[in-house]
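Below: the structure, in structure tokens.
Note that ligands are numbered from 1 as they come in the structure, with each ligand's atoms numbered from 1 the same way. Along the sequence shown, residues carry numbers from 1.
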Amino acid sequence: MARCIFHIDLDAFFVSVEQVLNPKLKGKPVIVGGDPERRGVVASASYEARPFGIHAGMPLSKARRFCPQAILIRANFSRYKDASSKFMKILGHFSPYIEPLGLDEAYLDVTGYEEPYGSPRQLARAIKEKIYEELELTASVGIGTSKVVAKIASDLCKPDGVLEIAPGGEQAFLNPLPVAKLPGVGNKTEQSLKEMGITTIGDLASLPLDMVKRRFGATGAVIHSYARGIDDREVEAPGEAKSISQQLTFGRDTLNRNFLEANLHNLCQEVCQELRSQNKRAKCVAIRLRYADFKTITRQAILKEASDITQVVFTTAQQLLSKAITKQEKPIRLIGIRISSLVGEEKQFPMFDSGTEKSEHLDKAIDRIRRKYGSSAIKTGNGIFTESS
Ligand code: DCP
Ligand code: CA
């Protein structure tokens with residue numbers, strides 16, 4: 001089934017927030033920016049200021065020359081952050097699959113959630129109405145079967161619009177548009193493509209993939225598939241997007257619990273070492289088991305507190321394994337671990353009990369040794385051992 005993805009972007013965000021607080025500014029050329037005395041730039045321009053050629057990133061001195069009557073307001077970030085969190089909260093009521101991008105835009109995967117509203121377009125209208133009702137802000141909504149199509153669509157229907165690209169209509173929609181509309185095509189790539197005689201997305205889509213890859217490397221492959229309307233990226237909340245996983249297929253299917261646990265411990269050590277090297281901690285631990293008949297299951301648990309400690313992750317994984325084995329006594333051919341919902345370095349609680357602290361010290365020492373001498377150099381108590389029958 002085709003996905004239904006929205007890209008929702010607030011119109012002239014900073015300016016609109018200021019206009020809500022001071023309605024006298026509505027309908028006028030307004031600029032929100034930095035300090036004109038300190039070579040500030042335009043952050044947001046009202047749609048009335050845009051016909052004068054004013055756009056984000058332009059030096060304020062230039063903007064003033066272009067439109068002397070424009071009203072300049074210094075940016076008040078706390079106001080925008082407040083409006084942003086209310087905006088995201090509203091979106092979250094329409095679908096749980098939300099991926100915020102910056103302050104004023106988000107992807108929403110509404111596949112199936114549009115049904116009670118009659119159609120994607122009617123759902124988009126309902127979302128826009130709710131945003132206006134609660135925040136007095138207008139939004140533009142692009143609707144497509146992928147992120148790339150939804151994002152380009154919202155850009156094209158600004159301000160206060162809805163543009164739906166029906167499934168199957170992607171290529172016809174994209175073909176005539178300038179390549180610069182594609183995410184991933186910056187000034188440099190646009191220029192290089194121009195030198196190759198490529199100006200529209202359709203031109204890019206018709207080039208052989210090999211040629212684009214040779215010229216632009218990995219980015220080439222991505223923009224080439226976007227140009228063809230192909231974009232499998234999921235709508236994912238930041239933090240959920242990344243996970244670290246490892247798996248191991250056994251030479252012989254097994255139900256030997258010690259053997260399984262030892263290997264699981266080793267896999268935990270590997271993913272946690274990677275986690276620590278990224279200065280992150282994980283909140284979600286999942287194991288994967290593939291049985292002799294190739295049936296594969298995943299079981300996951302959420303940690304009370306995000307952790308990067310091998311022993312904490314292993315204990316949870318071990319419990320999941322134990323439950324799975326008790327439920328289903330079938331020989332296992334593959335075991336895997338995945339840690340996800342990764343969070344940054346900051347610790348949630350400043351105080352640690354000495355047991356936790358000890359585990360952290362131990363992990364660090366093991367990481368150092370494994371980095372120096374390789375991963376087989378040291379195994380802790382639960383280390384891998386070969387199955388003895
Ligand atoms: N912003 C900024 N500096 C930039 C671009 C943007 O400070 N160079 C800030 C101000 C914008 C907000 O981010 O209000 C959102 O950026 P958008 O690109 O979505 O611009 P607007 O919301 O202002 O206008 P549009 O209606 O085109 O989305
Ligand atoms: Ca915007």
Open item on the list: Using a plain distance cutoff, I'd like to know if Ala12 has any nitrogen or oxygen under 3.5 Å from a nitrogen or oxygen of ligand 1.
Closed with: yes

Open item on the list: Just to check, does Pro159 reach to within less than 4.0 Å of ligand 1 when the distance is taken from its heavy atoms?
Closed with: no

- [ ] Determine yes or no for a side-chain-to-main-chain donor-acceptor pair under 3.5 angstrom, with Arg281 supplying the side chain and Ala306 the backbone.
- [x] yes

Open item on the list: Could you work out, with ring-ring contact (aromatic ring centres under 6.0 Å, His included) as the rule, every residue matching Phe173, not counting sequence neighbours?
Closed with: none

Task: Contacts of type ring-ring contact (aromatic ring centres under 6.0 Å, His included), residue Phe14, not counting sequence neighbours - done: Phe77, Tyr80

- [ ] Note the single closest protein heavy atom to atom 23 (O) of ligand 1, along with its residue, its atom name and the distance in Å.
- [x] Ser44 OG, 2.8 Å

TODO: Taking atom 25 (P) of ligand 1 as the reference point, report whether a protein heavy atom occurs under 4.0 Å from it.
DONE: yes

- [ ] Have a look at ligand 1 and work out which part of Leu10, if any, has a heavy atom under 4.0 Å from it: side chain, backbone, both or neither.
- [x] backbone

Open item on the list: How long is the straight-line distance from OG1 of Thr310 back to CG of Leu267, given to the nearest 0.5 Å?
Closed with: 11.5 Å

Open item on the list: Pairing donors with acceptors under 3.5 angstrom, does anything connect the side chains of Ser119 and Gln122?
Closed with: yes

TODO: Give the atoms of ligand 1, by number and element, whose distance to some non-hydrogen atom of Asp104 is under 4.0 Å.
DONE: 15 (C), 19 (O), 22 (O)

Open item on the list: If the contact criterion is a heavy-atom separation under 4.0 Å, does Met58 count as touching ligand 1?
Closed with: no

Open item on the list: Quick check for you: within a radius under 3.0 Å, how many protein N, O or S atoms neighbour the Ca ion (ligand 2)?
Closed with: 3

Task: Spatial distance of atom CG (Asn22) from atom CD1 (Ile71) [nearest 0.5 Å] - done: 8.0 Å

- [ ] With sequence neighbours excluded, tell me which residues meet salt bridge (charged side-chain N to carboxylate O under 4.0 Å, His left out) with Lys158.
- [x] Asp9, Asp11

- [ ] Check for a donor-acceptor pair, side chain of Ser140 on one end and backbone N or O of Asp160 on the other, with a separation under 3.5 Å.
- [x] yes

Task: Contact partition for Tyr80 relative to ligand 1, non-hydrogen atoms under 4.0 Å - done: neither

Task: Heavy-atom protein contact below 4.0 Å for atom 20 (O) of ligand 1 - done: no

Task: Atom indices of ligand 1, in the order listed, that fall short of 4.0 Å to a heavy atom of Phe13 - done: 14 (O), 21 (P), 22 (O), 23 (O)

- [ ] Check whether any side-chain N or O of Ser322 sits under 3.5 Å from a backbone N or O of Gln318 as a donor-acceptor pair, and report yes or no.
- [x] no

Open item on the list: Could you identify the single nearest non-hydrogen protein atom to atom 6 (C) of ligand 1 and state the distance to 0.1 Å?
Closed with: Ala43 O, 3.5 Å

- [ ] Please identify which atoms of ligand 1 are closer than 4.0 Å to at least one heavy atom of Tyr47.
- [x] 25 (P), 26 (O), 27 (O)

Open item on the list: Just checking Tyr97: does its OH atom have more than 12 heavy atoms from other residues, nucleotides or ligands closer to it than 6.0 angstrom?
Closed with: no

Open item on the list: When you compare the side chains of Thr296 and Arg290, does any donor N or O come within less than 3.5 Å of an acceptor on the partner?
Closed with: yes

Task: Backbone or side-chain N or O of Glu105 under 3.5 Å from ligand 1 N or O - done: no

TODO: Under 4.0 Å, heavy atoms only, figure out whether ligand 1 is touched by the backbone of Lys158, its side chain, both or neither.
DONE: side chain

TODO: Please state which part of His55 comes within less than 4.0 Å of ligand 1, counting heavy atoms only: side chain, backbone, both or neither.
DONE: neither

Task: ligand 1 N/O within reach of Phe14 N/O, cut-off under 3.5 Å - done: yes

TODO: Would you kindly check if the NZ (Lys) or CZ (Arg) of Arg50 is within the cone defined by 45 degrees around the ring axis of Tyr47 and under 6.0 Å from the six-membered ring centre?
DONE: yes

TODO: With heavy atoms of Ala56 as the reference, note each atom of ligand 1 found under 4.0 Å away.
DONE: 4 (C), 5 (C), 8 (N)

TODO: Output yes when the distance from some N or O of ligand 1 to some N or O of Ala45 is under 3.5 Å, and no in every other case.
DONE: no

Open item on the list: Less than 3.5 Å apart, any donor N or O on the side chain of Asn256 or Thr254 sitting next to an acceptor on the other?
Closed with: no

TODO: May I ask you to identify the nearest protein heavy atom to atom 27 (O) of ligand 1, giving residue, atom name and distance to one decimal place in Å?
DONE: Arg50 NH1, 3.0 Å

Task: Gln246 versus Asn266, side-chain donor and acceptor atoms under 3.5 Å - done: no

Open item on the list: Hydrogens and angles aside, do Arg288 and Gln247 bring a side-chain donor and acceptor to less than 3.5 Å of each other?
Closed with: yes

